[in-house]
Amino acid sequence: MAKTKIKKPRRPRAETPRGFRDYFGQDVLQRNAMLARVAEVYHAHGFDPLESSAVETVEALGKFLPDVDRPNEGVFAWQDEDETWMALRYDLTAPLARVYAQHRRDLPNPYRRYAMGPVWRNEKPGPGRYRQFYQCDADTVGAGSVAADAEMCAMLGSALEATGIAADDYVIRVNNRKVLNGVMEVAGVLNPEDPEADAHARGIVLRAVDKLDRLGVSGLRDLLGAGRRDESGDFTEGAGLSPDQIAVILGFTDARRENGTATCAALRDLVGVSKAGLEGVQELETIAELLTAQGPAERIIIDPSVVRGLGYYTGPVFEAELTFEILDEKGRRIQLGSVAGGGRYDDLVTRFTGEKVPATGVSIGVDRLLAGLRAKGRLADNTQGPVVVTVMDRDRTADYQAMAAELRAGGIRAEVFMGGGNMAKQLKYADQRVSPVAVIEGGNERERGVVQIKDLALGARLAANIETHDDWKAQPAQMEVVRSDLVAEVRAMLARAGG
RNA sequence: GCCGGCGUAGCUCAGUUGGUUAGAGCGCCUGAUUGUGGAUCAGGAGGUCAGUGGUUCGAGACCACUCGCUGGUACCA
């Protein structure tokens, strides 16, 4: 290097932090519209809205303490002035457990609430995975009956359809943790007398079963046995089960039959010897009956391979999945996974009160569902901008404001140009906003009591055929109207453009 | 966390065995057009070649490390 460069002071980088996103107009409008539809369904079923704080104490959130060794995982947490550990909520269920425990004397029983909003997870982001995302939940706290679980499944179906998912574009797969526990008893990795033993192996079994649809039977077999090495060379620890034990698990995951009744009968044969397993099968049978009565039975599949993570679920679990293919901008298939899920968690409030409080709920992954709706073209196009009233004569801003106000009073979205610059700048702005119409009134028009209104979309279409400079100057998409007819004429122009 | 691929202008990319002042298209700005976006033409701005260190007479290119993105995998309340 011959030249020595003078170092400039470093400026802050204008970047969205890693794992986060900025949502612009269209995204926000589409999400709000979708959430409003889901909320309407929840509300119609009798659930009340609840907005709890975005920050909780780490103690209330539960097991995820800040981990110095693995700062990339877990919650966003910090220590308050009084040294209490605080954290951003990582889901909407843990805060509900806290709210219920705190206010249970004043809340109706059962307490039915819905909630929606962002949650935060301090994890490594991945494709389609961010560190802030939206959830939209409904839960019933204080109802132990399977009817409450069946209601969740039915309501989830209604909510999905309300957002624009067609009845044949999704399925809800239902299983029961008790059945999973039953099969693990039969396989000899769960002893009801000593429930702590073999917990590690059970974790591996559950995770492995959860991956069945992605890895296939042979991958599952490897994970249940010695372990699995994937094509990248990475090794995943196996559960170390014997061939006989593996056969029990595989027989179970293969127990899905042509309909729910047959599946339940098959499961009864497999896990009926276990008390918990039998109870789980009976619950599944009841859910299937209730859902048949409530309507959406054909969208509901009893599927033994549904696991729903390792978390707090204690009974029925379910998962909604979109059944159509989704392609990304490069035409590749996207694996969307489940867009919603839920289940029964009877132990969550116990941490606070010592009492057993049964609860069941559903959670919709808002961003995933939006991706699905977008792929299906079921989201409204909100890109169109307002009518722009251009400013020819700066001294008469009040007159222009009056025009915009008249348009708004007539139900038309409108604004006066607030920037600086000539007519070219103003129309360029309107173009960038995807404005349908621009309004122009200069001294000329003013004297004659008229205004120019310009159909911007039509102009763009006509421009494709422009050949001479005179054509370009002709402004065929523009018309002169009487000032007092402004609102009616703009409305007519919008109607022509829209139709 | 583990394994791989990739980082050149706002975007998409080219850049010869290492060799002058790093290019193109699109977009942006200005003008042709002092009252008109979108067509056309002319001109212009815009780059710490991700960063740091090294090899070399000479590095955008080669080497090492770091960071970022990306594909898979693991974890996922």
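Model, not experiment: these values are computed from the prediction. Values below: every heavy atom of this structure, side chains too, minus hydrogens, waters and symmetry copies. Labels below follow one simple rule: chain letters A, B, ... track the order of the sequence lines, proteins then strands, and each chain is numbered from 1.
Among pairs with a residue in residues 416-439 of chain A, those fulfilling ring-ring contact (aromatic ring centres under 6.0 Å, His included) read A:Phe417-A:Tyr429, at least two apart in sequence or across chains.
Aromatic ring orientation, A:Phe76 versus A:Phe20: tilted (interplanar angle from 30° to 60°).
Map A:Trp120 and A:Ala463 each onto its nearest nucleotide of RNA chain B; the residue landing nearer the 5' end is A:Ala463.
A search for side chain to side chain contact (heavy atoms under 4.5 Å, CB included) contacts involving A:Ser218 returns nothing, not counting sequence neighbours. Annotation: side chain to side chain contact (heavy atoms under 4.5 Å, CB included) contacts of A:Asp303 (sequence neighbours excluded): A:Arg173, A:Arg256, A:Ile301, A:Ser305, A:Val306.
Here, B:G46 and B:C28 have their C1' atoms 9 Å apart, quoted to the whole Å. Comparing the P positions of B:G25 and B:U66 gives an interatomic distance of 39 Å, to the nearest angstrom. The gap from the P atom of B:A9 to that of B:G15 amounts to 15 Å, rounded to the nearest Å. Using atom C1' as the reference point in both B:A50 and B:C69, the two lie 10 Å apart (nearest Å). Taking the P atoms as reference points, B:U36 lies 42 Å from B:A14, given to the whole Å. With both ends at atom P, the span from B:C6 to B:C63 equals 11 Å, rounded to whole Å. For the C1' atom pair drawn from B:G71 and B:C65, the interatomic distance equals 23 Å after rounding to whole Å. For the P atom pair drawn from B:A39 and B:G27, the interatomic distance equals 8 Å after rounding to whole Å.
Salt bridge A:Glu415/A:Arg433: present, at least one basic N to carboxylate O contact under 4.0 Å. Using a cut-off of 4.0 Å between Lys/Arg side-chain N and Asp/Glu carboxylate O, A:Arg21 and A:Asp367 are scored as salt-bridged. Ionic pairing of A:Lys356 and A:Asp347 is present here: one or more N-O contacts between side-chain nitrogen and carboxylate oxygen are shorter than 4.0 angstrom. Electrostatic pairing of A:Arg368 and A:Glu321 does not count as a salt bridge here, judged by no charged N lying under 4.0 Å from a carboxylate O.
Between A:Glu319 atom CD and B:C76 atom C1' the separation is 13 Å, expressed in whole Å. A:Asn122 places its CG atom 16 Å from the P atom of B:C76, with the value rounded to the nearest Å. In this structure, A:Leu462 atom CG and B:U40 atom P are separated by 16 Å, rounded to whole Å. Rounded to whole Å, atom P of B:G72 lies 16 Å from atom NZ of A:Lys211. Here B:A74 presents its C1' atom at 13 Å from CZ of A:Phe235, a figure rounded to the nearest Å. The nearest whole Å value for the distance from the CZ atom in A:Phe133 to the P atom in B:C76 is 14 Å. Going from atom CZ of A:Arg131 over to atom C1' of B:C76 covers 15 Å, rounded to whole Å. A straight line from CD of A:Glu237 to P of B:C75 spans 10 Å, rounded to a whole angstrom.
Of the candidates A:Val388, A:Leu486, A:Thr390, A:Val439 forms a side chain to side chain contact (heavy atoms under 4.5 Å, CB included) with just one, namely A:Leu486.
Side chain to side chain, A:Gln452 and A:Glu445 meet the donor-acceptor criterion of an N or O pair below 3.5 Å.
The phosphate of B:U73 has OP1 or OP2 within less than 4.0 Å of a side-chain N or O from A:Arg214. Distances shown here put a side-chain N or O of A:Arg207 below 4.0 Å from the OP1 or OP2 atom of B:C75.
A cation-pi arrangement is present between A:Arg112 and A:Phe47, with the terminal nitrogen or guanidinium carbon under 6.0 Å from the aromatic centre and inside a 45° cone about the axis. Seen from the ring of A:Tyr111, A:Arg104 does not count as a face-on cation partner, given the 6.0 Å and 45° thresholds.
Between atom NZ of residue A:Lys211 and atom OG1 of residue A:Thr236 there is a gap of 6.5 Å, rounded to the nearest 0.5 Å.
For RNA chain B, the stems formed by at least three consecutive Watson-Crick or G-U pairs, with both atom-pair distances below 3.5 Å, span B:1-7 with B:67-73, B:10-13 with B:23-26, B:28-32 with B:40-44, B:50-54 with B:62-66.
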Mind listing the N/O atom pairs, protein and nucleotides 65-69 of chain B, below 3.5 Å?
from, atom 1, to, atom 2, distance (Å)
B:C69, OP2, A:Arg18, NH1, 2.1

Under 4.0 Å protein heavy-atom contacts per nucleotide of nucleotides 29-37 of chain B, with B for base, S for backbone only and - for none: SS--B-BBB
